[in-house]
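In what follows, every heavy atom counts, from backbone to side chain, and hydrogens, waters and symmetry copies are set aside. For reference, positions follow the sequence shown, starting with 1.
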Amino acid sequence: MHPMKVTFLGTGTSQGIPMIACECEVCQSTDSRDQRLRVSMHIETNGKSFIIDTGPDFRQQVLRAGIKRVDAIIYTHEHKDHTAGMDDVRGFNYAQKSSIPLYAQKNVIEQLKREFAYAFDENKYPGVPEIEVHEIQNNSFTIQGVNFLPILVKHYFLDVFGYRIGDFTYITDANAISSNEVEKIKGSKILVINALRKTSHVSHFTLEEALEIIQTVQPEFAYITHISHQMGLQSEVQKELPANVFLAYDGLEIII
Ligand SMILES: [Zn+2]
Ligand SMILES: [Zn+2]
Ligand SMILES: [Zn+2]
């Protein structure tokens, strides 16, 4: 297994933090860790650069992290906070003089075709995103020598893919994981899992529910992402967590 560096490009729920027009203490916080763009991950391994999801903040995140190359983009699901920034792959088209491979489930590809119809036209207007779409199912797949194992999770009634890459597992937007899929996560050194807030939600784990999954999987370290302003201040919530569990924050890097 090659060493891997993962960077949290965003750790916020669909509205981001601060939320527009909100005056709560989290949205007003001056702690930079409380300022969260929409969720996305950058994974560097084996000399390759991968991004999971291109939300509305994609351009800003790539610039902020200084990412100069992308070998593929892998999608978790079709919600707008995970797809809205796809148009900005154009920057990588110009820099790399090539199309960018996208990997996603069928329903995600259908959604991308609706949202970005111009990128799929037969007679494309010059300058539109150049992409190469690969449909994936719940079976492991390899991109340029790097293996991705999908983890099928439920996000209310929607099927979402988490991904295990070696000892690293990333799960966003889930409120249930079947025991078969939990088995696929076991043995991960690092588990990233979503928790929206402390009170229950129809399509996301609460903090307590995420901690239960962490307890079952027993990773060395776990990180919480897709966080709402209702979770509370980073500095306060962090104190309540077990020693090996962290609230992720934007810009956080982990070497595995
Ligand atoms: Zn989301
Ligand atoms: Zn707020
Ligand atoms: Zn979602």
Using modelled atom types only, decide if a donor and an acceptor are shared between the side chain of [X] and the backbone of [Y] within a distance under 3.5 Å.
X	Y	value
N194	A174	yes
D71	S49	yes
S188	F168	no
R164	G166	yes
T7	L9	no
T216	E212	yes
T142	G145	no

For [X], does the [atom1] atom have more than 12 heavy-atom neighbours from other residues, nucleotides or ligands under 6.0 Å away?
X	atom1	value
F221	CZ	no
Q215	CD	no
I20	CD1	no
Y118	OH	yes
K189	NZ	no
K186	NZ	yes

Would you check if there is a donor-acceptor pair between the side chains of [Y] and [X] at a distance under 3.5 Å?
X	Y	answer
Q111	R114	yes
E115	T83	yes
T11	R36	yes
D34	S29	yes
H226	D173	yes
Q35	D250	no

To the nearest 0.5 Å, tell me how far [X] [atom1] sits from [Y] [atom2].
X	Y	atom1	atom2	answer
I227	I17	CD1	CD1	7.0 Å
E183	I177	CD	CD1	12.0 Å
L152	Q105	CG	CD	7.0 Å
L196	I224	CG	CD1	11.5 Å
T54	R38	OG1	CZ	12.0 Å
N175	K154	CG	NZ	9.5 Å

Would you mind checking if D88 and R59 are paired as a salt bridge, meaning a charged N to carboxylate O distance below 4.0 Å?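 Salt bridge flag = no for D88 with R59.
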
Between the side chains of K106 and E78, is the shortest nitrogen-to-carboxylate-oxygen separation below 4.0 Å, so that they form an ion pair? no

CA sep, side-chain torsions, deciding dist, call: F161, V153, side chain to side chain contact (heavy atoms under 4.5 Å, CB included)
CA-CA 6 Å; F161 277 168; V153 300; over 6 Å; no

Aromatic contact, Y163 with Y170 (centres under 6.0 Å)
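Y163 vs Y170: aromatic centres not under 6.0 Å.
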
- request: Determine, using ring centers only, whether F148 and Y103 are less than 6.0 Å apart.
  value: no

Grab the two heavy atoms, one from [X] and one from [Y], that are nearest each other, plus how far apart they are.
X	Y	result
C27	M19	SG-N, 3.3 Å
P150	Q137	CG-O, 3.6 Å
K124	D121	CG-O, 3.2 Å
A84	F116	O-CZ, 3.7 Å
I73	F58	CD1-CZ, 4.4 Å
F8	Y249	CB-O, 3.6 Å

>> For a side chain to side chain contact (heavy atoms under 4.5 Å, CB included) check, start with the C-alpha distance between N138 and E181, then their side-chain angles and the critical distance, and finish with the verdict.
In response: CA-CA 10 Å; N138 191 9; E181 298 299 301; 3.5 Å; yes

When hydrophobic residues are tied together by side-chain contacts of less than 4.5 Å, even through go-betweens, does [X] share a cluster with [Y]?
X	Y	answer
F92	V146	no
M41	Y75	no
V6	I67	no
V70	I74	no
I213	I190	no

Heavy-atom check, side chain of [X] versus side chain of [Y], under 4.5 Å:
X	Y	result
I171	I151	yes
Y223	L191	no
H155	T76	no
E240	K198	yes
E23	Q28	yes
I143	P101	no
I51	S40	yes
R64	L37	yes

With side chain to side chain contact (heavy atoms under 4.5 Å, CB included) as the criterion, how do L211 and E208 come out once you've worked through the C-alpha distance, each side chain's angles and the decisive distance to 0.1 Å? CA-CA 5 Å; L211 290 173; E208 197 183 329; 5.6 Å; no

* How far apart are the C-alpha atoms of E220 and N244, what are their side-chain angles, what is the distance that settles it, and do they pass the side chain to side chain donor-acceptor pair (under 3.5 Å) test? -> CA-CA 7 Å; E220 282 178 28; N244 66 333; over 6 Å; no

Item to complete: Test side chain to side chain contact (heavy atoms under 4.5 Å, CB included) on M86 and I131 and set out the steps.
Response: CA-CA 10 Å; M86 193 281 276; I131 51 179; 3.8 Å; yes

Paired with H79, the side chain to side chain contact (heavy atoms under 4.5 Å, CB included) test is passed by just one of L158, D53, V108, namely L158

Between N93 and the options R90, K97, Q96, the side chain to side chain contact (heavy atoms under 4.5 Å, CB included) test singles out R90

